[in-house]
Asks: 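Take this structure, written in structure tokens, and hold onto it; I'll ask about it next.
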Amino acid sequence: MITVFGSINLDLVVAVPRLPTAGETVSGRDHQTFPGGKGANQALAARRAGADVRFIGAVGQDSFAELALLNLREAGVDLSGVRTMAGSTGLALIGIDPAGENQIIVASGTNARVEASWLEGGFEPGQTLLVQGEVPLVEVTEGARLARDAAGTVIWNPAPVPEGDLSACLDVAGTVVVNVSEAAEIGGRLGIAGDTETFALKLAEGGRNVIVTLGADGVLARTPTARYRFASPAVNAVDTTGAGDAFCGALAAALDRKTSFERALKEGAAAGALACTVTGAQSSAPHLEDIARLADTIA
């Protein structure tokens with residue numbers, strides 16, 4: 001069982017000829033609406049990758065709430081832990097260029113008011129907690145402590161990198177997943193000089209697994225005793241928005257069913273690559289059969 005404690009958003013996506021610079025307006029022909037939020041995206045990705053998933057989070061008392069939960073409900077994610085609160089459901093404004101690169105602005109809404117206390121009594125030994133960076137760091141850290149104290153496994157994807165002291169959450173995270181820019185920011189804040197190799201090596205010395213996703217260049221990972229490096233499968237990318245969340249969800253699903261760490265990395269990389277071939281952060285999350293088939297090709 002995977003518990004996801006995180007954000008729920010509605011994504012408004014506009015395809016543009018190029019991403020704007022500061023102060024610039026760029027027009028797109030139309031917009032599309034998708035359920036999103038890094039927590040919800042990863043929950044759906046884990047569910048499609050074969051895991052039993054429950055979600056703990058919040059939506060607002062507005063017209064966006066049911067739309068934001070639609071895919072999770074249809075996929076069979078347990079939503080009994082999702083609370084409806086006064087205020088607005090989280091909203092993300094996303095621009096995508098022809099190469100599939102994106103810019104994202106997020107309004108947190110009720111995601112800023114979730115509480116780790118909602119997780120109390122919800123873990124059994126061996127279960128997995130998957131958390132991100134779109135809900136308050138203090139709540140993520142306390143939720144991670146609850147999972148660890150119940151002999152659970154904590155996977156932390158600090159994206160976006162939250163403000164505040166990261167060390168407390170790092171201390172209880174068994175696996176940390178970041179991309180290159182997040183690794184650079186966290187490394188700078190922790191005083192780790194050097195490239196992604198150095199970052200992963202130094203952070204893994206604390207007894208945790210460290211994964212750095214490298215976009216089209218694949219994935220680098222360090223455990224306290226081993227190094228892994230895989231290329232990304234070649235795909236025709238149209239939208240990279242959901243790649244990181246698909247990676248995290250598939251990785252968590254594989255680890256939750258006690259797959260080897262190496263195989264879990266390959267399934268994460270396969271899921272991330274497949275997600276780039278479809279528009280939308282949730283609609284792009286692939287299913288286990290497709291993930292497994294592509295993962296088998298990664299050497």
Side-chain angles (χ1 to χ4, degrees), residues 2 38 41-42 45-46 49-51 128-133 144 148 152-159 161 166-167 169-190 192-235 240 242-276 286 288 291-292 294-299:
I2 295 174
K38 295 194 73 65
N41 296 346
Q42 293 182 18
T128 301
L129 175 67
L130 178 58
V131 286
Q132 308 79 33
R148 182 203 58 183
T153 299
V154 178
I155 301 173
W156 186 29
N157 172 223
V161 179
L166 304 175
S167 59
C169 200
L170 286 170
D171 287 344
V172 293
T175 299
V176 177
V177 185
V178 293
N179 62 25
V180 173
S181 62
E182 291 153 2
E185 181 174 349
I186 293 170
R189 286 167 59 178
L190 297 178
I192 301 174
D195 58 11
T196 53
E197 287 275 5
T198 304
F199 170 83
L201 176 63
K202 291 295 186 183
L203 213 58
E205 289 175 353
R208 64 186 67 84
N209 304 321
V210 180
I211 301 169
V212 183
T213 58
L214 307 173
D217 291 327
V219 59
L220 165 70
R222 283 275 189 177
T223 73
T225 59
R227 175 188 182 275
Y228 301 89
R229 177 72 167 85
F230 301 116
S232 179
V235 296
T240 62
D245 293 333
F247 180 99
C248 291
L251 175 87
L255 293 175
D256 190 64
R257 65 175 185 269
K258 312 310 177 188
T259 300
S260 72
F261 187 70
E262 179 176 354
R263 176 64 184 187
L265 286 172
K266 291 180 179 180
E267 293 193 10
L274 289 168
C276 293
L288 179 58
I291 294 169
L294 189 57
D296 288 342
T297 71
I298 300 175

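Heads up: numbering here begins at 1 and tracks the sequence. Any value given below was found using the heavy atoms of this structure, including those in side chains, with hydrogens, waters and symmetry copies removed. As the structure is a computational prediction, the values presented were derived from the model and not from experiment.
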Asks: Among all residues two or more places apart in sequence or in another chain, which pass the side-chain hydrogen bond (donor to acceptor under 3.5 Å, both in side chains) test with Glu262?
Replies: none
Asks: So Ile186 and Pro158, do their side chains get closer than 4.5 Å, heavy atoms only?
Replies: yes
Asks: Nearest 0.5 Å, what's the CG-OG1 distance between Leu265 and Thr259?
Replies: 11.0 Å
Asks: What I'd like to find out is whether the side chain of Arg227 reaches to under 4.5 Å of the side chain of Leu220, using heavy atoms alone.
Replies: yes
Asks: Which heavy atom of Ala221 sits nearest to which heavy atom of Phe261, and what is that distance?
Replies: CB-CE2, 4.1 Å
Asks: Look up atom CG in Leu294 and atom OG1 in Thr297, then write down how far apart they are to the nearest 0.5 Å.
Replies: 4.5 Å
Asks: Within the 4.5 Å heavy-atom criterion, are Asp245 and Gln132 side-chain neighbours or not?
Replies: no
Asks: Given side chains that start at C-beta, do those of Glu267 and Leu288 come closer than 4.5 Å, heavy atoms only?
Replies: yes
Asks: If you compare all heavy atoms of Gly268 against all heavy atoms of Ala250, which two are closest, and at what distance to 0.1 Å?
Replies: CA-CB, 4.1 Å
Asks: Which heavy-atom pair separates Ala273 from Val235 by the least distance, and what is that distance?
Replies: O-CG2, 3.5 Å
Asks: Of all residues at least two apart in sequence or in a different chain, which pass the side-chain hydrogen bond (donor to acceptor under 3.5 Å, both in side chains) check with Asn157?
Replies: Gln42
Asks: Heavy-atom distance under 4.5 Å between the side chains of Leu130 and Asp256, does that happen here?
Replies: no
Asks: Does Thr240 have any side-chain hydrogen bond (donor to acceptor under 3.5 Å, both in side chains) partners at least two apart in sequence or in another chain, and if so, which?
Replies: Asn102
Asks: Restricting to side-chain contact (heavy atoms from CB on, under 4.5 Å), what partner residues turn up for Ala275, sequence neighbours left out?
Replies: Ala246, Ser284
Asks: For Phe230 and Ala299, which heavy atoms make the closest approach, and how far apart are they?
Replies: CD2-O, 3.2 Å
Asks: How would you list all residue pairs meeting salt bridge (charged side-chain N to carboxylate O under 4.0 Å, His left out) that involve residues 211-220, not counting sequence neighbours?
Replies: none
Asks: Is the backbone of Ile192 close enough, under 3.5 Å, to the side chain of Lys202 for a donor and an acceptor to pair up by distance?
Replies: no
Asks: Just wondering, do Leu251 and Ile211 contact through their side chains at under 4.5 Å, heavy atoms?
Replies: yes
Asks: Could you give the side-chain donor-acceptor pairs of residues 172-180 under 3.5 Å, partners two or more places apart or in another chain?
Replies:
unit_1, atom_1, unit_2, atom_2, d
Thr175, OG1, Asn209, ND2, 3.3
Asn179, OD1, Ser181, N, 3.2
Asn179, OD1, Ser181, OG, 3.0
Asn179, OD1, Glu182, N, 2.8
Asn179, ND2, Glu182, OE2, 3.4

Asks: Looking at every heavy atom in both Ile298 and Ala269, which two are closest together, and how far apart are they?
Replies: CD1-CB, 4.0 Å
Asks: Tell me every residue that passes side-chain contact (heavy atoms from CB on, under 4.5 Å) with Ala292, counting only those two or more places apart in sequence or in another chain.
Replies: Arg263
Asks: Determine which pairs satisfy ring pair (Phe, Tyr, Trp, His ring centres under 6.0 Å) with at least one residue from residues 205-226, sequence neighbours left out, and list them in order.
Replies: none
Asks: Can you list the residues that meet the side-chain contact (heavy atoms from CB on, under 4.5 Å) rule with Asp171, with sequence neighbours excluded?
Replies: Arg208
Asks: Kindly write out the residues that satisfy side-chain hydrogen bond (donor to acceptor under 3.5 Å, both in side chains) with Thr213, not counting sequence neighbours, or none if the list is empty.
Replies: none
Asks: Check step by step if side-chain contact (heavy atoms from CB on, under 4.5 Å) holds for Leu170 and Leu190.
Replies: CA-CA 11 Å; Leu170 286 170; Leu190 297 178; 3.7 Å; yes
Asks: So, using side-chain contact (heavy atoms from CB on, under 4.5 Å) as the criterion, who are the partners of Ala226 when residues are at least two apart?
Replies: Thr223, Tyr228
Asks: For Ser232 versus Gly215, what's the shortest heavy-atom pair and its separation?
Replies: CB-O, 3.8 Å
